[in-house]
Structures are given as structure tokens and as C-alpha cells.
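Fair warning: this is a prediction, and the values are worked out from it, not measured in the lab. Worth knowing before you read on, the calculation uses all heavy atoms, side chains too, and leaves out hydrogens, waters and symmetry mates.
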Amino acid sequence: MRDFEYEAPTTLKQALDLLSQSNGKARLLAGGTDLIDQVRIGRLEPDLIIDVKKIPELNVLLLNDQGLRLGAAVPCSRIYEHADLPSRYSALADSVHIIGGIQIQNRASVGGNICNSGPAADTTPSVIALGGVCVIAGPNGNREVPAEDFCTGPGKNVLQSNELLTEIRFPSRPSNSGSHYRRFIPRNEMDIAVVGVGASVELSSDKSSIVSARIAIAAVPPTPLFVKDASDALAGQTIDDALIKKTAEAVKEIVSPITDMRGTKEYRVHLSGVLTERVLNGAISRAKGEKLDYRPGH
């Protein structure tokens, strides 16, 4: 590992000043669970690492009638240990439950997972499905980017060298709504998704039809994908097995995966359909107030 400078600012302004002075040679550390390994193997060679864990704006965790504000440095364990958050933003809780082991979950953050911008990130599909918006701070103030537009390629995103992600904001959850996330992995622990799918639904007052839905998929396209056409087609439809299967087939038609060591193109297409069915059924069950017989990571 090459030498680098380390700073731990306590204000957002200090962090932005350090970024502006670094000439693009700085890297931000929230949990560091990806960054440290990438520096160790020489994939990244920063001159400066800026630890953002002490900045108040990046540690906000506020849930109220207006929605959810999730600071970019909030560790995963704070999310699933929250009294009300897992029941209202279930897909997000599903995701953070399966990022590494408990030691990793006490450090890793949703903001860091998104900023790492891996195609197989576990939290990004859930953030997209739940309508998350990324709040980005820079020298000229804040700007907001929908989560589905944040990642631009494998390991790449919309952040400029003098900007940082401060928080992710989610709209309030409507009545009769539910969400779910699942992934398929070759091993039961500490592995990367072959396919991951997140979905959120809002049902009609009698819970017989879908008012709106959002489906997102990871590890299949180069960036986590909001499957908008398939999601929009669910609106106003009566819930039955045929509708779920039709949606799964639509997702399979949209995705265009690659073959790699974790799975072939054909296998990923098949899994995309299987997981879409399971995740939609899970989200609908939760929206109906039913108990979902689901073990995180399986």
C-alpha cells in the first residue's frame, strides 16, 4: 500500500475545502470496506483519504411523516436496528442485512455502497425501488440526482472530484405499500450477487390491484437499472399470478447481461425473471400486511 495523507474533518465545509484542494487525488472514506481493499491492491492510489464519519450532515437518520433522510455515512446496522424504518422501508432493510457480516455492517454505509457504484451493489436496487434521491454537496451548493441516474458505469457515477454525497432522501411510504429485495449468490455468506432485484408497490384500498410500482435490478446491466416500462405497466392491473409472470417476462426481455465467472448471460436472464416474481410477490404480501416468510440473503 502506497503512502497517503489522512484527514477527518468535522464539518462539511472542511471536507469540501479538502476536496477542492486535492486536484482530484482525494478519496472519501465512510465505512472504507471497499476503499481500503482497493487502495491495498493498488487499484486506487489516492494522495489523500478524507474520513467523513465525523460530519453531522452525513450521519443524519430522520424518519417522519415527510419521509426518510439517510446520511451517506450512516452504518447499515443503524438502519435495521431502527424501531420503525425496517417495516416502512423494508427493501432497504433487506439489503443492509446481507452486506457482509455484522462487523462490516457496523462500518459499511448505503451511501458508500452507492458511491462505490458497483454493478452488483445490494443497496442500490432498493434505493431506486423506494424512489431515493441523492443529495450532493459541492462548492456551489447542493444538487439532487434521482438514484436511478447516479451510477454512470461500473465504478463510475455523477460525482465531480470536488463533490460528495451527503444523504439520500426517500418519499414517505403511502398506505397499502410494501417493498422487498432479494439476490442470488453462489455462496450463503460474503459473496457478490449474480442477480439482485428490488421492488416497491402501492396497492388499491381493497388491495386487489396495483396503483404504482418500481422495479430495479442489479448485477445484470453495467449499472443498477430502474426497469421503468415493466414497472409502469403494472399500474391499474389486478393482482394475479398471470400479471406477475408477465412482468417477469418483460424484465427478461429488457435485460442484456454479460457472461462472467459468476454466471452466464442465459443464467442471469433466467434468474432475473425468477427473482422478479419472488420480489414482487414479497412486496405485495407486505403491502397486504401479511408476514413474509423470508430469511435475509436467501
Taking [atom1] in [X] as the centre, count heavy atoms belonging to other residues, nucleotides or ligands within less than 6.0 Å. Is the count above 12?
X: N64; atom1: CG; answer: yes
X: R278; atom1: CZ; answer: no
X: E81; atom1: CD; answer: yes
X: E253; atom1: CD; answer: no
X: R143; atom1: CZ; answer: yes

- Among side-chain atoms of N106 and S77, is any donor-acceptor pair under 3.5 angstrom? yes
- With no hydrogens and no angle check, do the side chains of R173 and S200 hold a donor and an acceptor under 3.5 Å apart? yes
- So among I136, T223, I168, which one has a side-chain contact (heavy atoms from CB on, under 4.5 Å) with F150? I136
- Item | Option passing side-chain contact (heavy atoms from CB on, under 4.5 Å) with S272 (candidates I217, V197, V194, V227) | I217
- Residue among K252, K246, K245 satisfying salt bridge (Lys or Arg N to Asp or Glu O under 4.0 Å) with E249: K252
- Task: Can you label the angle between the Y267 ring and the F184 ring as parallel, tilted or perpendicular, going by 30° and 60°?
- Result: perpendicular
Does one hydrophobic cluster hold both [X] and [Y], with members joined at side-chain heavy-atom distances below 4.5 Å?
X: L12; Y: L48; result: yes
X: F170; Y: I79; result: yes
X: I114; Y: L44; result: no
X: L29; Y: L18; result: no
X: I128; Y: V110; result: no

- Message: Assess whether a salt bridge exists between R268 and D260, defined as any Lys/Arg side-chain N lying under 4.0 Å from an Asp/Glu carboxylate O.
- Response: yes
- Check ion pair D51-K53 (N to O, under 4.0 angstrom): no
- Item | salt bridge (Lys or Arg N to Asp or Glu O under 4.0 Å) assessment of R88 paired with D84 | CA-CA 7 Å; R88 293 165 67 176; D84 300 316; 5.2 Å; no
- Item | Evaluation steps, side chain to side chain contact (heavy atoms under 4.5 Å, CB included), between L61 and L70 | CA-CA 5 Å; L61 180 57; L70 177 64; 3.7 Å; yes
Any idea which heavy atoms bring [X] and [Y] closest together, and the distance?
X: D206; Y: S209; value: OD1-N, 4.4 Å
X: T10; Y: P56; value: O-CD, 3.4 Å
X: P86; Y: H82; value: CD-O, 3.1 Å

- Query: Does the pair S212 and E202 meet the rule for a side chain to side chain contact (heavy atoms under 4.5 Å, CB included), with working shown?
  - Reply: CA-CA 5 Å; S212 64; E202 178 188 356; 3.5 Å; yes
- Message: Please evaluate residues L280 and L234 with respect to the criterion side chain to side chain contact (heavy atoms under 4.5 Å, CB included), reporting the C-alpha separation (whole Å), side-chain torsions for both, the decisive distance (0.1 Å), and the verdict.
- Response: CA-CA 11 Å; L280 273 176; L234 285 166; 4.1 Å; yes
- Task: Would you check if the side chain of N113 reaches a backbone N or O of T123 as a donor-acceptor pair within less than 3.5 Å?
- Result: yes
- Backbone N or O of G100 within a donor-acceptor pair of the Q105 side chain at under 3.5 Å? yes
- Begin with the C-alpha distance, continue with both residues' side-chain angles, and end with the deciding distance and a verdict on side chain to side chain contact (heavy atoms under 4.5 Å, CB included) for I239 and L203. CA-CA 9 Å; I239 299 168; L203 306 186; 3.6 Å; yes
